[in-house]
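Notes for the one structure printed next.
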Amino acid sequence: MVVASTPFSLSSAVFTRRRSFRRVSVPRVSATLSPDPSPLLRAAHHTVDSYVKSGMVIGLGFGEASDLAIRYLGAQLRSGSIQGVVGVPMSARSASEAAKYGVPLKHFRDDCQIDFAFHDADAVEESTLVSVIGRRRATQEDDYILRQKSIVEAADEAVFMIKDEHYKSGLEGSIPVLVQSLNWLATAEEIDDLYLGDAEVWRRASVGDAGPLGGDFPIVTSDGHNILDVIFTTPIPSLATVANSLDNIDGVVDHGLVIKTRCTVVIAGETEVRTVTMQTSAVEGGV
């Protein structure tokens, strides 16, 4: 039973129960040198210059690098270097930046055809390119994880922009999990049992850091969901296995793990921009 004074403790035994995945491809790596002092700015410019073409419908991501990419895309549209691009924003901030810098917008629908999407990733697992999104809260938005993930998955191709230190194997930290709020505690306890000893489970609060139960004002989305942060304190052997385990828990609506087959990671280093491309997914369940 969960008490307010201590976080859930989560079991290393879960990793011994997971399925193994046959790797079917290896990432291709390339690098571009640049004297520009801003790593994320270089990554944003590289993303627009390399992947955005005239006439595309583009998913506009959320985060610092995405803001820079939207601004640069607007400048390219104003100069005439790119024409006829329409953006599908992943957040109110994305929409605001696009409107400010002259990128035309359209609303996302389930049948929306999206040619390409860029987005900030919180972390990316080396070799598989499974990405973590949703650690950062989008101000005044409660459905941002579902929206961001839906747009990325709907895109024919996607780029995740990330700082060099967040691209590695054996990732730790939070995996956001969207759960039904009615029985959130039972769902949290099942996740707690699954990862006992490996992670802590906290319900995300709408204001401040209110402890493992989310305090008096936990986030409740317009669809009646809570957000749990499953905070891994030991290296995760496989994000794909975690995604599969979470998908099979009653009460879990979705999570911040993205498995994308046509995916490129643009890595912002201090002296260069590297790109890692997975032409074919190395894990099961990709889109």
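On a predicted model such as this, the values are computed, not experimentally measured, just so you know.
- In this structure, CD1 on Ile219 lies 4.5 Å from CD1 on Ile227, to the nearest 0.5 angstrom.
- Sorted by first and then second residue, the ring-ring contact (aromatic ring centres under 6.0 Å, His included) pairs with a member in residues 68-87 read His45-Tyr72; sequence neighbours excluded.
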List the atom pairs, with distances to 0.1 Å, where a side-chain N or O of residues 56-68 and a protein N or O form a donor-acceptor pair under 3.5 Å, not counting sequence neighbours.
unit_1 : atom_1 : unit_2 : atom_2 : d
Ser66  : OG     : Asp120 : N      : 3.3
Ser66  : OG     : Asp120 : OD1    : 2.6
Asp67  : OD1    : Arg93  : NE     : 3.4
Asp67  : OD2    : Arg93  : NE     : 2.5
Asp67  : OD2    : Arg93  : NH2    : 2.6

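- In this structure, the separation between OG1 on Thr261 and CD on Glu157 is 9.5 Å, given to the nearest 0.5 Å.
- The minimum heavy-atom distance between Ala199 and Phe232, with the atom names listed, is CB-CA, 3.7 Å.
- In this structure the side chain of Tyr144 never reaches within 4.5 angstrom of the side chain of Ser91, judged on heavy atoms.
- Taking 4.5 Å as the limit, some side-chain heavy atom of Thr264 sits within range of a side-chain heavy atom of Tyr51.
- Side chains of Thr128 and Leu239 form no contact here, defined as non-hydrogen atoms less than 4.5 Å apart.
- Nearest heavy-atom pair across Gln76 and Val48 is CG-CG1, 4.4 Å.
- Between Tyr167 and Ser127 the shortest heavy-atom distance is OH-N, 3.9 Å.
- With rounding to the nearest 0.5 Å, the separation of CG in Leu73 from OG1 in Thr47 is 11.0 Å.
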As a quick check of understanding, evaluate side-chain contact (heavy atoms from CB on, under 4.5 Å) for Asn226 and Val220, giving each step before the final call. CA-CA 5 Å; Asn226 289 148; Val220 181; 3.5 Å; yes
Ile133/Phe160 under side-chain contact (heavy atoms from CB on, under 4.5 Å): CA gap, chis, key distance, verdict: CA-CA 10 Å; Ile133 65 171; Phe160 289 103; 4.1 Å; yes
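- Criterion: ILVMFWY side-chain heavy atoms under 4.5 Å apart, direct or through other members. Under it, Val86 and Ile70 are not part of a common hydrophobic cluster.
- Asp122 places a side-chain N or O within 3.5 Å of a backbone atom of Gly134 that can act as its donor or acceptor partner.
- Closest approach of Ala69 to Met161, counting heavy atoms only: CB-CE, 4.3 Å.
- Counting only heavy atoms from C-beta outward, the side chains of Glu125 and Val132 never approach each other to under 4.5 Å.
- A side-chain donor-acceptor contact under 3.5 Å links Lys149 to the backbone of His255.
- Between Lys53 and Asp115 there is no side-chain heavy-atom pair separated by less than 4.5 Å.
- Lys260 places no side-chain N or O within donor-acceptor distance of the main-chain N or O of Ser131, the cut-off being under 3.5 Å.
- A donor-acceptor contact shorter than 3.5 Å is absent between the side chain of Ser54 and the backbone of Gly84.
- Side-chain contact check for Ile175 versus Leu246: some heavy-atom pair is nearer than 4.5 Å.
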If you apply the rule side-chain contact (heavy atoms from CB on, under 4.5 Å), what do you find for Ile191 with Ile249, and how did you get there? CA-CA 8 Å; Ile191 297 173; Ile249 294 177; 3.7 Å; yes
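- Looking only at atom types and distance, the side chain of Gln180 has no donor-acceptor partner in the side chain of Asp250 under 3.5 Å away.
- Between Gly170 and Pro235, the shortest heavy-atom distance links the atoms O-CB, 3.5 Å.
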Stepwise side-chain contact (heavy atoms from CB on, under 4.5 Å) test for His119 and Ile151: CA-CA 10 Å; His119 191 28; Ile151 291 174; over 6 Å; no
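- Taking OG of Ser238 as the reference point, atom CG of Leu171 lies at 11.0 Å (rounded to 0.5 Å).
- Panel note: side chain Arg203, backbone Leu185; no donor-acceptor pair is recorded below 3.5 Å.
- Judged by distance alone, the side chain of Lys163 and the main-chain N or O of Glu270 form no donor-acceptor pair under 3.5 Å.
- Rounding to the nearest 0.5 Å gives a distance of 11.0 Å between CD1 of Ile114 and CD of Glu153.
- Looking at Ser96, its side chain never comes within 3.5 Å of a backbone N or O of Ala92 through a donor-acceptor pair.
- Within 6.0 Å of CG in Asn248 there are more than 12 heavy atoms belonging to other residues, nucleotides or ligands.
- In this structure, Thr187 OG1 and Leu228 CG are separated by 7.5 Å, a value rounded to the nearest 0.5 Å.
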Show me, pair by pair, the donor-acceptor contacts under 3.5 angstrom made by side chains of residues 99-111, not counting sequence neighbours?
unit_1 : atom_1 : unit_2 : atom_2 : d
Arg109 : NE     : Asp111 : OD1    : 3.1

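- For the residue pair Val88 and Cys112, the shortest heavy atom distance occurs at CG2-SG, 4.3 Å.
- Of the possible donor and acceptor atoms, none in the side chain of Ser174 sits under 3.5 Å from a partner among the backbone N and O of Asp229.
- No side-chain heavy atom of Phe116 sits under 4.5 Å from any side-chain heavy atom of Val85.
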